[in-house]
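Working notes for the structure below.
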Amino acid sequence: FELERLGVHDSVEAVFPPSELADFLADLPLEVGVIGDDEIAACDAAVTLEHREAFLEVDWVHSIQAGVDRFPFGEFEADDVILTNSTGIHDRWVGETVAGYLLSFARRLHDHVANQQERRWDQPEWDEGFTLSGTTACVLGTGTLGSGVAEVLGSLGVRVTGVRRSAEPVPGFEEVYATDNLLEAVADAEFVIVTLPLTDETRHLVDADVFEAMREDAYFVNVGRGPVVDEAALIDALESETIEGAALDVFETEPLPEESPLWELDEVIVTPHCAAFTEDYFRAVGDIVRENVSRLESGEEFYNRVV
Ligand code: NAD
């Protein structure tokens, strides 16, 4: 297909200003502009966060996220619409956020921030703080996010193990388990960290059995997708002290409903699906779009093609 008009859909606003990306791509040999829902049909391609029915009328849709579970693959395929995603860019960004969660728990920083809100000088108990060095983190998913988490945590002296579909080794992971051995994989870890995409196979992969298999002093982290975890089972595990705590960036329902008990549980850190936010986000997405515009011109296969 011919690429004459590429629209940056205004739903990307949740992550960065759409005009920043449009300006970044202004030197491409095509018309680039910010579009609302009404203008989708006039484009050949669109860069977006959310899905719209009208995207089935364009030739190519690029997701600014790595996770593409919001797009109906079957309909894209049936209507010959190419879908590409932004995997490959979030490794260190999310890795540093996860390191932040772990450091907060180990060094009690979340308690101090909470106390500070109330002008309360309250030192932790002598045995509350611990050091990350020498602990084990079991990372579910050994792709871009998992590898970025392994790299950052590895630099803090954490021993990192991984879980993937096969038990084939992956650089950066000291030991790798197959998903079939998930319960064994999580058993010895002080931290269990989900970096998995949401698929039919991963939905509720982390359930009550997994929390039961974890250490009582273990922390659970989810930076993948909310429905990979049975959230009711997670809340039960936290309330019954089956596990020690959790840091959660993604949820079964987003925004996290005001009535969710997760907001107020002790030893739970809630962040609003922003583990990968950085001022460089639009540039990294723009580089992928630019690469694919050039591949389209030279007739090569699209980079990061999903459908
Ligand atoms: P990726 O494709 O590089 O890695 C995903 C990994 O999961 C792959 O290695 C894949 O083999 C593995 N996997 C898939 N199904 C599996 C299963 N059933 N058992 C074991 N392993 C399985 O993608 P990525 O860039 O690492 O992103 C992963 C997911 O993280 C995204 O799909 C998205 O949902 C989420 N994400 C969240 C944020 C955030 O802000 N919280 C940011 C980026 C990505």
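In this chain, numbering begins with 1 at the start of the sequence shown. Owing to the predicted nature of the structure, the values given are computational and were not obtained by experimental measurement. Counting starts at 1 for both ligands and their atoms, following the listed order.
Which parts of ligand 1 touch Ala276 is read off a 4.0 Å heavy-atom cut-off, strictly below it: atoms 40 (O), 42 (C). When each atom of ligand 1 is checked for a heavy atom of Thr144 under 4.0 Å away, the hits are 1 (P), 3 (O), 4 (O), 24 (P), 25 (O), 26 (O). Close contacts between ligand 1 and Arg164 involve ligand atoms 20 (C), 21 (N) [criterion: under 4.0 Å to a heavy atom]. Listed by number with element, the atoms of ligand 1 under 4.0 Å from a non-hydrogen atom of Thr195 are 28 (C), 29 (C), 30 (O). The ligand atoms of ligand 1 that sit less than 4.0 angstrom from a heavy atom of Gly143 are 3 (O), 4 (O), 6 (C), 9 (O), 26 (O).
The closest non-hydrogen atom to atom 15 (N) of ligand 1, taken over Arg70, Glu201, Arg165, His273, comes from Arg165. Of the options Ile89, Asn85, Leu145, the smallest heavy-atom separation from atom 26 (O) of ligand 1 is shown by Leu145.
Looking from atom 5 (C) of ligand 1 to the surrounding protein, the closest heavy atom is Pro197 CD, 3.8 Å. Here the protein heavy atom with the shortest distance to atom 27 (O) of ligand 1 is Ala66 CB, 3.9 Å. Closest to atom 19 (N) of ligand 1, if we only count protein heavy atoms, is Thr179 OG1, 3.1 Å. Of the protein's heavy atoms, Leu196 CD2, 3.3 Å lies nearest to atom 21 (N) of ligand 1.
Not less than 6.0 angstrom separates the ring centroid of His273 from the ring centroid of Phe251. Remark: aromatic rings of Trp60 and Phe1 are distant, center separation not under 6.0 Å.
Dense packing is recorded around CG of Asp69, with more than 12 heavy atoms of other residues, nucleotides or ligands lying under 6.0 Å away. A 6.0 Å sphere centred on CD of Glu128 holds more than 12 heavy atoms belonging to other residues, nucleotides or ligands.
Where the criterion is an N or O separation shorter than 3.5 Å, residue side chain and backbone included, Val223 meets it with respect to ligand 1. For ligand 1, the polar-atom distance check against Arg225 finds a nitrogen or oxygen pair separated by under 3.5 Å. Ligand 1 has a nitrogen or oxygen under 3.5 angstrom from a nitrogen or oxygen of Thr87.
Results of the side chain to side chain contact (heavy atoms under 4.5 Å, CB included) test with Arg164 over Val170, Leu196, Leu140 single out Val170 as the only residue that passes.
Side-chain atoms of Thr195 and Val94, non-hydrogen and from C-beta on, never get closer than 4.5 Å to each other.
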